[in-house]
K.L.:
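Before anything else, here's the structure in question.
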Amino acid sequence: MDKTYEPQSIEQQCYQRWESEGLFKAKGADAPTGNPYCILLPPPNVTGSLHMGHGFQQTIMDVLTRYHRMKGDNTLWQVGTDHAGIATQMVVERQLNAQGKTRHDLGREAFIDKIWEWKEHSGGTITSQMRRLGTSPDWDREVFTMDENLSKAVTEVFVKLHEDGLIYRGKRLVNWDPVLHTAVSDLEVLNEEEAGHMWHMRYPLADGSDSIVVATTRPETMLGDTAVAVHPDDERYQHLIGKEIKLPVTGRLIPIIADDYVDPEFGTGCVKITPAHDFNDYDMGKRHNLPMINIFTPDAKLNDEAPEAYQGMDRFDARKAIVAQLEQDGVLVKIDDHKLKVPRGDRTGAVIEPYLTDQWYVAIDELAKPAIEAVESGEIRFVPENWSKTYFQWMNNIQDWCISRQLWWGHRIPAWYDNNGNVYVGRTEEEVRAKHSLTADVELKQDEDVLDTWFSSALWPFATMGWPEKTPELETFVPSSVLVTGFDIIFFWVARMIMMTKRFTGKIPFKDIYITGLIRDESGDKMSKSKGNVLDPIDLIDGIDLESLVAKRTTGMMQPQLAAKIEKRTRKQFPEGIHAYGTDALRFTFAAMASTSRDINFDMGRVEGYRNFCNKIWNASRFVLMNTETEDTGRDGGELVLSLADKWIWAQFQQTLVEFEKAISEYRFDIAAQTVYEFTWNQFCDWYLELTKPVLNNDDATEAEKRGTRHTLINVLESLLRLLHPLMPFITETIWDRVAPLSTLEFKAGDSIMVQPFPTVDAAKQDEQVLSDIEWVKRFIVGIRNIRGEMDIAPSKPLPALLRNVSSEDERRLSISRTFIDRLARLESITVLKQGEEAPASAAAVVGEMEILIPMAGLIDKEAELARIAKAMGKLEQEVARFKGKLSNEKFVSNAPEAVIEKEKAKLADSESQLAKLKAQQETIAAL
RNA sequence: GGACGCUUAGCUCAGUUGGGAGAGCAUCGCCCUUACAAGGCGAGGGGCACUGGUUCAAGUCCAGUAGCGUCCACCA
């Protein structure tokens, strides 16, 4: 193996091999063995490219998938992409615009063809990037939400819901995006606080006897006013209720009405009512039977309901013009600054206009009820559990879902109209004609609208499994095991999948919902193009030089004026660009960051740390191979004598395995990552590999002993690679290919690590005695290293050691670990002092009751040793004081459980004994 | 207005039924010891946001305060 770990040189070839050998394939619905384990990939937009959130979530899904596959489960990671109606249409439309054309120039069919064409060429970005991440979904089952079979499911669901009376068409006020010319759902509207004004306008009474002042943030909507409302109990306006007002500018007469909705404290206590352009006014308009005057065209210009002077004017220009007119008429009382929430479309950023149109809706209450119960009953579980509250809060106040969109790209609504305005819903025109006995001479036109993208996404759990056909996959993989996703789409997607899957399969869509945190930048800001703090996972894998990174961050910006700032920031943060850390390091980082926290600040330092971890694994493996590849590892028989260290590393491995599996089962990938990191680096590399050297390089060791150690080296490493594989697929595969043939694992030549069984706990290797023996050895060695470190004694200088107060247990341990201690502590001799035997002036370390003495003569400075002892004593004195205080507290002694008190007593005794020893040392040395 | 979350070492974060404060990175020493300087060995560093309560015992449970943040709803 190369001396240095080079991720670039191993990753691509591994992946191609796995994919071409078909190793990601699920065993199939009717697999003879294995519990079904299924994960649904939240389908990314076809227009998308991989961002940090994808990388993070997909890493977690892949860890679970690989882990369960190795556990022998019938594992399916279902993959696919979403047609993303609005986003995709916008991408292709922008390309057309660049050629000076619009989609209307092409016409609907040609435009849709164009999108398909675009999808074939450019739609695969994200799936090829997923491959770079090492993800292992079953690519053969990859689906697209506009595929024929999924489209069929969409139609089926629509028709069935309509038959059941749960889909209806109605004229209502909707959120209208005047740029896209489509309705959008409540969820697609973002309300941001923005600075605006409050205009106070005086409306005169029709009879000229009085006037009333209304306040508004949208003066232009006065053209659509059909009433002014006051609170019924507001004494100021009692006498005006029922009278009429002459609306300025238009001269229309409108009534003054009374309604509880009005807050007398706010503004002037009088509200202008525009039922066709405000949701609250709409409700009030319905309560009072007010006319609804729509004053806007679909692109939010004034229509012919407005006075001629304003017709065709954009709404914001109209606002200025109206205000000017009001001022001129002397009815503008004042203008206040006012902060208000402005609704904007999440795709376009355009100010959303409440707009009166015909749309299709899903009546949601009947669907919501079983979906709420499924979570309440615990059948579906949120992880972390707390997110269920968010779910309930929304589900309990859920509104009917507007599902029609005035777009071209998407699932066309299966409804047909005749020339009399009758609507027929059915799977096809033929079905509609047959069902309603419509003869060929009745002209039918299909609804122009398409469905909300989330409508098809909602069917994901069962539509991907072949529904409405009765397939074995539906039986096997519904419900899926866990949904891994972000909290931002709990409403958009998760809730809707639960509703639809319950409705159409009677089953839940998934058992667990693991909600991941949101990846932010290092200082906690959301990553966004306009902030210039976006990291591309691929750049962390391959690296990127500074100039390319700057260019990437500053091109194609919505607000080019920010470019200079972003460039400065980027140059400061990445003076050398970004190093290539490789996929395994990035994946490990993602796993290690997946704690329960809902915001995750991405720290580049950690990627580097885990790249170093990869390097550590690489080099440790080189060491193991160096000692085993050309040696006898006992694979084909031969006596094996295991050293204390050999037994210990196996015992330690069992513990690690148990902890790892527990963490994975609880979706604590951070703990899982930490556990294997600690084992690999701090136990396996730092201790075990060092402990093998005294055996392997010892001429006195027997061949059986050496064979036992080599056997342990190669087999622990082999098992460790399998343990690590779900987290770091590439490096483990590459090394395993070399290691496995030397191990005792039985596998087919040429097989990949990813289809090997996950390590299982071997109870015979769990050994508490060995664990505590090595603990003792470690403390012994660290004690001496500590003296060396603080006394500036070269590590290479062999030292004599004297042991005082040695128990029989200490003697036993010493006898089985003598070679380890000699080598790792660099001792030239160990002398056990007899009871009462005089010792020379020494520096001391304490292991339990036993003292390790390093004679000072010629080595250790008296003052330095006194200082070292004083420091250690200081610590012990503090401890003793704390334990004594506790134990002398009458309340503690009489109330705390016996076990706790005993523990405290033992700790006190231990500290006191150590302290006494140090004190004696101190006196001896001070007297020199 | 409603709901939720966060505040622990210089930085980014763990701390699961209350029982002697942890990791990585950064910092400071010493070391090119034939797996690894992307490394080894050793060391320093914390009023656990604040106040009060429960308890023999609180980073952990309860109440409140402050600061930061997210989501939902919304007063024209």
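Keep in mind that what you see is a predicted model, and the values were worked out from it rather than measured. A, B, ... follow the sequence lines: proteins, then strands. Residue 1 opens every chain. The figures that follow rest on heavy atoms only: side chains count, while hydrogens, waters and symmetry mates do not.
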K.L.:
Check the distance between B:A57's P and A:E890's CD and give it to me in whole angstrom.
P.N.:
13 Å
K.L.:
Looking at B:A76, I'd like to know if its phosphate oxygens (OP1 or OP2) sit under 4.0 Å from a side-chain N or O belonging to A:H338.
P.N.:
yes
K.L.:
Choose from B:C56, B:A38, B:G42 the nucleotide whose nearest atom is closest to any side-chain atom of A:E790.
P.N.:
B:G42
K.L.:
Starting at the 5' end of RNA chain B and moving along, which residue's nearest nucleotide shows up first, A:M626 or A:Y261?
P.N.:
A:M626
K.L.:
Does A:K3 make a side-chain N or O approach to OP1 or OP2 of B:C36 shorter than 4.0 Å?
P.N.:
yes
K.L.:
Look at the side-chain N and O atoms of A:N619 and state whether any lies under 4.0 Å from the OP1 or OP2 oxygen of B:G39.
P.N.:
no
K.L.:
Now, which nucleotide makes the Watson-Crick or G-U wobble pair with B:C71, with each of the two distances under 3.5 Å?
P.N.:
B:G2
K.L.:
So what does A:E902 touch, heavy atoms closer than 4.0 Å: a base, only the sugar-phosphate, or nothing?
P.N.:
nothing
K.L.:
Closest nucleotide of RNA chain B for A:V782 versus for A:W387: which of these residues is on the 5' side?
P.N.:
A:W387
K.L.:
Looking at the side chain of A:A896, which of B:A35, B:G20, B:G19 is the nearest nucleotide?
P.N.:
B:G19
K.L.:
Which parts of nucleotides 24-33 of chain B does protein reach within less than 4.0 Å, heavy atoms only, written one letter per nucleotide 5' to 3' as B for base, S for sugar-phosphate only and - for none?
P.N.:
B---------
K.L.:
Within less than 4.0 Å of OP1 or OP2 of B:A35, is there a side-chain N or O belonging to A:K693?
P.N.:
yes
K.L.:
Quick one: is B:A76 close enough that its OP1 or OP2 comes under 4.0 Å of any side-chain N or O from A:K272?
P.N.:
no
K.L.:
From CZ of A:F623 over to P of B:G39, roughly how many Å is that when rounded to an integer?
P.N.:
18 Å
K.L.:
With respect to the phosphate group of B:C72, does any side-chain polar atom (N or O) of A:N397 fall under 4.0 Å of OP1 or OP2?
P.N.:
no
K.L.:
Among the candidates B:G42, B:A14, B:A35, find the nucleotide nearest to the side-chain atoms of A:Q674.
P.N.:
B:A14
K.L.:
Using 4.0 Å as the upper bound for N to carboxylate O, is an ion pair formed by A:K907 and A:E904?
P.N.:
yes
K.L.:
Across all strands shown, which nucleotide pairs with B:U60 by Watson-Crick or G-U wobble geometry, both distances under 3.5 Å?
P.N.:
none
K.L.:
From B:C41, B:U70, B:A43, pick the nucleotide closest to the side chain of A:F487?
P.N.:
B:U70
K.L.:
Partner lookup for B:G45, please. Criteria are Watson-Crick or G-U wobble with both distances under 3.5 angstrom; report none if nothing qualifies.
P.N.:
none
K.L.:
Which nucleotide, if any, forms a Watson-Crick or G-U wobble pair with B:C25, using both distances under 3.5 Å?
P.N.:
B:G10
K.L.:
When you measure from the centre of the six-membered ring of A:F623, is the NZ or CZ of A:K693 closer than 6.0 Å and no more than 45° off the axis?
P.N.:
yes
K.L.:
Verify the contact: side-chain N or O of A:N386 to OP1 or OP2 of B:G5, cut-off strictly under 4.0 Å; return yes or no.
P.N.:
yes
K.L.:
With heavy atoms under 4.0 Å as the rule, sort A:T217 into base, sugar-phosphate or nothing.
P.N.:
sugar-phosphate
K.L.:
Counting heavy atoms from C-beta on, name the nucleotide in B:A43, B:C56, B:A38 closest to the side chain of A:T4.
P.N.:
B:A38
K.L.:
Can you identify which nucleotide, out of B:C4, B:A3, B:G20, has its nearest atom closest to the A:R598 side chain?
P.N.:
B:C4
K.L.:
Taking a pair as Watson-Crick or G-U wobble with both distances under 3.5 Å, which nucleotide is matched to B:G39?
P.N.:
B:C31
K.L.:
Please check if the distance between the ring centroids of A:Y677 and A:Y610 is under 6.0 Å.
P.N.:
yes
K.L.:
Verify the contact: side-chain N or O of A:K616 to OP1 or OP2 of B:G40, cut-off strictly under 4.0 Å; return yes or no.
P.N.:
yes
K.L.:
Check whether any side-chain N or O of A:S595 sits under 4.0 Å from OP1 or OP2 of B:A14, and answer yes or no.
P.N.:
yes
K.L.:
Is a side-chain donor or acceptor of A:N533 paired with a backbone partner of A:K526 at a separation under 3.5 angstrom?
P.N.:
yes
K.L.:
Search all heavy atoms of A:D670 against all heavy atoms of A:A592 and return the closest pair with its distance.
P.N.:
CB-O, 3.3 Å
K.L.:
Looking only at atom P, what distance separates B:G40 and B:C56, rounded to whole Å?
P.N.:
48 Å
K.L.:
Nearest to the side chain of A:Q393 - B:G2, B:C74, B:G20?
P.N.:
B:G2
K.L.:
Between A:E631 and A:R710, does at least one N-O distance fall below 4.0 Å, as a salt bridge requires?
P.N.:
yes
K.L.:
Using atom C1' of each nucleotide, how far apart are B:U12 and B:G20 to the nearest Å?
P.N.:
27 Å
K.L.:
Among B:A73, B:A14, B:A35, which nucleotide has an atom closest to any side-chain atom of A:R622?
P.N.:
B:A35
K.L.:
Of all the choices, B:U70, B:A3, B:U16, which nucleotide is nearest to the side chain of A:R520 once you look at every atom?
P.N.:
B:U70
K.L.:
Quick one: is B:G15 close enough that its OP1 or OP2 comes under 4.0 Å of any side-chain N or O from A:R668?
P.N.:
yes
